[in-house]
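One structure is given here, and the rest of the page talks about it.
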Amino acid sequence: MKRKLCGILSLSLLLLGCCSAAAEGGDKILYQGHGSLRIVTGEGKVIYIDPYAGEGYDLPADLILVTHGHQDHTALKLIKNRNEDCQVITYEEALVKGEYKTFDLGYATVEAVQAGNNKNHNIKNCVGWLITLSDGTVIYATGDTSTTEQMAELAKREIDYAFFVCDGVYNMDMEEAIACAKLVNAKHSIPYHMAPGKLFDQKRAEKFDVPGRLIVPAGEEIMLE
């Protein structure tokens, strides 16, 4: 009888452990503020995009993505902890002689896509990122940009989470960002890079009136569906 009880207890603990592990798993995005994002995949891989703003740079990096060379997107020194096989992919490796590259990393596929504008961001030196995680979740970070020719095609990709710049100073304004979000038609559209010198602007975020809108304050981490 004692053995039977021990066996039941062991099985219960095993099931509890499995449930806890499942609860801890899943993809997460931390919006650090401005144009900075951190993705933690279900298998524990850590991806930083345009490090510069906010906090949350403590997790060892597996991948660092940089959309363009401006200082508010390239603070790689903030990421002091990096795994041995950590990769850094910048716009220079991702856009070569007009060709947008794709990187298959196993835990994620990273595709460079069009970004830029006539104001401050040469399309030859900027990219956005389309990231497909191993579980099929697709994330789009526009980078600094205005409307691109490619955005209409991105609707076919059935993007789950899309981040749109909307500062209206160096990039497209709110009206144009809304039009782009409707064009891309992601399941969830999130405003970021909202105002120079600000991590986040709640009033401006609320003006981002699109279907499937998510407002994610700086410093908040969301679990992906």
Side-chain angles (χ1 to χ4, degrees), residues 17-18 20-96 99-113 115 126-144 154 157-163 165 186-188 190 192-193 199 214 216 218-225:
C18 290
S20 299
E24 291 173 3
D27 308 316
K28 296 178 284 189
I29 295 181
L30 170 66
Y31 176 40
Q32 294 162 293
H34 193 56
S36 304
L37 303 171
R38 186 189 75 191
I39 301 169
V40 179
T41 71
E43 56 268 79
K45 297 293 185 179
V46 178
I47 303 169
Y48 292 96
I49 302 175
D50 285 354
Y52 168 74
E55 299 179 351
Y57 295 98
D58 52 319
L59 298 182
D62 294 287
L63 176 64
I64 304 169
L65 300 174
V66 178
T67 59
H68 64 289
H70 289 172
Q71 58 88 24
D72 59 330
H73 294 259
T74 56
L76 274 67
K77 63 183 180 182
L78 292 174
I79 307 170
K80 295 181 172 64
N81 297 321
R82 305 184 190 187
N83 290 319
E84 286 186 12
D85 56 352
C86 176
Q87 293 180 255
V88 179
I89 303 175
T90 75
Y91 58 97
E92 293 180 318
E93 293 82 33
L95 178 54
V96 181
E99 181 183 352
Y100 292 87
K101 301 292 186 178
T102 296
F103 306 86
D104 187 353
L105 307 173
Y107 58 89
T109 300
V110 177
E111 301 172 61
V113 297
C126 297
V127 298
W129 300 113
L130 198 63
I131 304 164
T132 304
L133 304 181
S134 61
D135 61 5
T137 301
V138 183
I139 301 161
Y140 173 39
T142 63
D144 280 14
L154 294 180
R157 300 298 301 270
E158 298 183 345
I159 295 167
D160 295 292
Y161 295 85
F163 289 80
V165 295
K187 186 175 180 181
H188 303 289
I190 305 165
Y192 80 146
H193 202 294
L199 291 183
L214 280 182
V216 183
E220 184 171 306
E221 187 171 57
I222 58 172
M223 291 292 300
L224 306 191
E225 298 173 349

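In this structure, Val113 and Val127 have side chains that are not in contact, with every pair of non-hydrogen atoms separated by 4.5 Å or more. Here the side chains of Lys28 and Thr41 are not in contact, with every heavy-atom distance at 4.5 Å or above. Looking at heavy atoms from C-beta onward, Glu225 lies in side-chain contact with Lys187 at the 4.5 angstrom threshold. Inter-residue side-chain proximity for Val40 and Ile29 is flagged as unmet; no heavy-atom pair is nearer than 4.5 Å. Inter-residue side-chain proximity for Val66 and Asp50 is flagged as met; some heavy-atom pair is nearer than 4.5 Å. Leu65 places none of its side-chain heavy atoms less than 4.5 Å from the side chain of Val88.
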How far apart are the C-alpha atoms of His68 and Tyr91, what are their side-chain angles, what is the distance that settles it, and do they pass the ring pair (Phe, Tyr, Trp, His ring centres under 6.0 Å) test? CA-CA 6 Å; His68 64 289; Tyr91 58 97; 7.3 Å; no
Given side chain to side chain donor-acceptor pair (under 3.5 Å), test Asp144 with His73 step by step and report yes or no. CA-CA 9 Å; Asp144 280 14; His73 294 259; 3.3 Å; yes
Kindly indicate, with the supporting measurements, whether the criterion side chain to side chain contact (heavy atoms under 4.5 Å, CB included) is fulfilled by Tyr161 and Leu224. CA-CA 8 Å; Tyr161 295 85; Leu224 306 191; 3.7 Å; yes
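Between Ile139 and the options Ile39, Asp160, Ile47, a side-chain contact (heavy atoms from CB on, under 4.5 Å) holds for only Ile39.
Look at Asp58 and Arg38 and you find a salt bridge, because one of the NZ, NE, NH1 or NH2 atoms lies within 4.0 Å of a carboxylate O, short of that distance. Under the 4.0 Å criterion applied to side-chain N and carboxylate O atoms, Lys101 and Glu111 are not assigned as salt-bridge partners.
Side chain of Asp62 to main chain of Cys86: no donor-acceptor pair is present (N/O by atom type, distance under 3.5 Å, no hydrogens or angles). In this structure, Gln32 contributes its side chain and Glu55 its backbone to a donor-acceptor pair below 3.5 Å. For Glu99 (side chain) and Val96 (main-chain N/O), no donor-acceptor pair under 3.5 Å exists by modelled atom type. Without hydrogens or angle criteria, Thr67 side chain to Gly143 main chain gives no donor-acceptor distance under 3.5 Å. At distances below 3.5 Å, at least one donor-acceptor pair connects side-chain atoms of Thr74 with backbone N or O atoms of His70.
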Using a 3.5 Å cut-off and no angle test, enumerate the donor-acceptor pairs between side-chain atoms of residues 103-110 and protein atoms at least two apart in sequence or in another chain.
| residue | atom | partner | partner atom | Å |
| --- | --- | --- | --- | --- |
| Asp104 | OD1 | Gly106 | N | 3.2 |

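Listed by chain and number, the residues in a side-chain contact (heavy atoms from CB on, under 4.5 Å) with Ile79 are Tyr48, Pro51, Tyr57, Ala61, Ile64, Arg82 (sequence neighbours excluded). Residues that satisfy the side-chain contact (heavy atoms from CB on, under 4.5 Å) test with Glu220, not counting sequence neighbours, are Val216, Pro217, Ile222.
Taking all atoms of both residues into account, the shortest heavy-atom contact from Ile49 to Trp129 is CG2-CD1, 4.0 Å. Shortest non-hydrogen contact noted between Leu199 and Tyr31 is O-OH, 3.2 Å.
The CG atom of Asn81 lies 8.5 Å from the CG atom of Leu59; values are rounded to the nearest 0.5 Å.
Taking the centre of each ring, His34 and Tyr52 come in below the 6.0 Å mark.
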